[in-house]
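Each chain gets a letter, A, B and so on, in the order its sequence line appears, and its residues count up from 1. Please read these numbers as outputs of a predicted model, since none were measured by experiment.
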2 protein chains.
Amino acid sequence: MSEGVEWALHSCLNLAWVGPERAVTSTRLAEYYQLPAAYMNKQLQALARAGIVYSTPGPGGGFRLARALDEITLMDVVSAIEGRDEAFRCTEIRQRGPGAARGAPGDLCQIDLAMRRAELAWRRELGAQTLGEVKASVERGTPEVPVRIRSWFAAH
Amino acid sequence: MSEGVEWALHSCLNLAWVGPERAVTSTRLAEYYQLPAAYMNKQLQALARAGIVYSTPGPGGGFRLARALDEITLMDVVSAIEGRDEAFRCTEIRQRGPGAARGAPGDLCQIDLAMRRAELAWRRELGAQTLGEVKASVERGTPEVPVRIRSWFAAH
DNA sequence: GCGAACCTACTCGGATATGGGATGTCCGAGTTCTCGTGG
DNA sequence: CCACGAGAACTCGGACATCCCATATCCGAGTAGGTTCGC
């Protein structure tokens, strides 16, 4: 899985802690984790295309969350960065070669079905977890994080 | 996900239908789906390393299943081909940069935890499905498949 | 006829190329703020 | 003092390189079976 997913998830939390008043530039978000700024920008663009954040250009511009963290699931972010196609892609090799199983329209590839079942469980779990819940967990375990992040981004 | 997973899964079913008496070469298994033989061989090697199949060299050699299909889960095959490390790899970027969260040993990355939960659901589902069940589903939907495959591999 | 040694053909196994996508970088279009100027 | 316009700086957005892994290929080590030779 792409490394950008991790960056995007953390950045969404940071944007939430900073608050909706100020926009944060991709440069600042990257600096906070010592990551390449231009590449971080690329990930944020993907989030913007997916409607998770929205961007404002020019001085004082940057990125803001497009909706509350409770309305953003892990699935949303993963889809935005990784794309929407499934990990296991059935190429129907059973219909190639000499023993090609032709004809029967209702005859699905059972291997594909089984793999889809597993991937569906993954997606269901990702869709059930909102970033709001993750944020709450972090604040429960380390209460000083919100203030620290908010003040750091305010100072820069 | 690697394309080899699909090849490996289908090949395991084919090996089961051929039966344990005869060993099947990687060339034949590849020909059946019009796939590159050398690369198919590579996937079967991975299955052999994982103990799912075992190989015999020389004339009359090839691959056989190492155990019954009911004892082989989808997870086993996926692990053999793709490797055992998780798809989402937490690089702990939160501990980098100016706002590094130092100290607290019990303080885990909540994002990592959430992603692991989802991936665990995926692995659980893969581990619950055996290739024996998949084979049964195929035979229920298309009863002629076992005979066709068995005879094709017998003729070649 | 029978046994053994050799030889051939075949198969796996790992070392070796190649291509596409993830990773990383750069510059232009557009906007906002600031500063200067004129009324 | 205020309004306005030009300029500059800043930001995103997408186009352009680079690197690594999945894909694909090839050849050598080892083995089983057949063949031939000797007894």
Side-chain angles (χ1 to χ4, degrees), chain A residues 1-8 11 15 18 22-31 33-66 78-85 87-89 91 93 153 156, chain B residues 1-8 11 15 18 21-31 33-66 78 80-85 87-89 91 93 153 156:
Chain A
M1 174 169 308
S2 174
E3 195 179 4
V5 173
E6 186 183 8
W7 302 6
S11 294
L15 284 178
V18 167
R22 298 203 340 164
V24 186
T25 70
S26 57
T27 305
R28 298 288 171 265
L29 286 169
E31 275 181 10
Y33 293 125
Q34 292 179 339
L35 300 172
Y39 195 32
M40 172 66 91
N41 188 25
K42 201 179 184 66
Q43 313 299 339
L44 292 169
Q45 283 178 36
L47 291 183
R49 270 191 295 271
I52 297 175
V53 302
Y54 72 93
S55 61
T56 54
F63 293 91
R64 290 184 182 84
L65 285 176
V78 170
S79 297
I81 305 295
E82 289 282 294
R84 267 168 196 144
D85 44 348
F88 180 83
R89 179 173 55 94
T91 59
I93 59 173
F153 278 102
H156 290 76
Chain B
M1 174 169 308
S2 174
E3 195 178 4
V5 172
E6 187 182 7
W7 302 6
S11 293
L15 285 177
V18 167
E21 305 84 18
R22 297 205 340 166
V24 185
T25 70
S26 56
T27 304
R28 298 290 170 266
L29 285 169
E31 276 181 10
Y33 294 125
Q34 291 178 340
L35 300 172
Y39 194 32
M40 170 67 90
N41 187 24
K42 200 180 184 64
Q43 313 300 338
L44 292 170
Q45 284 178 36
L47 291 182
R49 271 192 296 271
I52 297 174
V53 303
Y54 71 94
S55 61
T56 52
F63 293 91
R64 289 183 182 85
L65 284 176
V78 170
I81 305 294
E82 287 282 295
R84 268 169 194 142
D85 44 348
F88 180 83
R89 178 173 54 95
T91 59
I93 60 173
F153 279 103
H156 291 75

Task: Given D:dC16, C:dC26, C:dG13, the nucleotide with the shortest approach to the side chain of A:A38 - done: C:dC26
TODO: Give the rounded distance in Å between these two atoms: CH2 of B:W7 and C1' of D:dT23.
DONE: 8 Å
Open item on the list: Could you tell me how far apart A:L35 (CG) and C:dT23 (C1') are, to the nearest whole angstrom?
Closed with: 13 Å
Task: Over all atoms of both residues, closest heavy-atom pair of B:L15 and B:F63 - done: CD2-O, 3.5 Å
- [ ] Give A:S26 one of three labels, base, sugar-phosphate or nothing, depending on what nucleic acid heavy atoms sit under 4.0 Å from its own.
- [x] sugar-phosphate
Task: Out of D:dG13, C:dT23, D:dT23, whichever nucleotide has its closest atom nearest the side chain of A:F63 - done: D:dG13
- [ ] Select one nucleotide: of D:dG14, D:dT11, D:dA24, the one nearest the side-chain heavy atoms of B:K42.
- [x] D:dA24
TODO: Give B:R28 one of three labels, base, sugar-phosphate or nothing, depending on what nucleic acid heavy atoms sit under 4.0 Å from its own.
DONE: nothing
Open item on the list: With a 4.0 Å cutoff (strictly under), does any side-chain N or O of A:S55 reach OP1 or OP2 of D:dG13?
Closed with: yes
- [ ] Can you tell me the distance, in whole Å, between the OH atom of A:Y39 and the P atom of D:dC12?
- [x] 17 Å
Open item on the list: As an exercise, state the distance from OH of A:Y33 to CD of A:E6, rounded to the nearest 0.5 Å.
Closed with: 9.0 Å
Task: First of A:G60 and A:N41 reached from the 5' end of DNA chain C, by closest nucleotide - done: A:N41
TODO: Could you check which of D:dT25, D:dG13, D:dG14 has an atom nearest any side-chain atom of A:R49?
DONE: D:dG14
Task: Which nucleotide in D:dT25, D:dC12, C:dG24 has an atom nearest any side-chain atom of A:E3 - done: C:dG24
- [ ] Identify which nucleotide among C:dC12, D:dC12, D:dA15 has an atom closest to any side-chain atom of B:P57, counting heavy atoms from C-beta outward.
- [x] C:dC12
Open item on the list: Please determine whether a side-chain nitrogen or oxygen atom of A:S2 lies at a distance below 4.0 Å from atom OP1 or OP2 of C:dT23.
Closed with: yes
Task: Verdict with supporting geometry, B:L44 and B:W7, side-chain contact (heavy atoms from CB on, under 4.5 Å) - done: CA-CA 9 Å; B:L44 292 170; B:W7 302 6; over 6 Å; no
Task: Distance, rounded to the nearest Å, where A:M1 contributes CE and D:dC21 contributes P - done: 17 Å
Task: Length of the CG-P vector between A:L29 and D:dT11, whole Å - done: 12 Å
Open item on the list: Starting the side chain at C-beta, find the nucleotide from C:dT11, C:dC10, D:dA24 nearest to B:P59.
Closed with: C:dC10
Task: B:Q43 (side chain) donor-acceptor with B:I81 (main chain) under 3.5 angstrom - done: no
- [ ] To the nearest Å, give me how far apart CD (A:Q43) and C1' (C:dG24) are.
- [x] 10 Å
Open item on the list: What is the distance, to the nearest angstrom, from the CD atom on B:E82 to the C1' atom on D:dT23?
Closed with: 13 Å
Task: Length of the line joining B:I93:CD1 and C:dT23:P, which is rounded to integer Å - done: 13 Å
Open item on the list: Determine whether a donor-acceptor pair (N or O, by modelled atom type, separation under 3.5 Å) exists between the side chain of A:R22 and the backbone of A:F153.
Closed with: yes
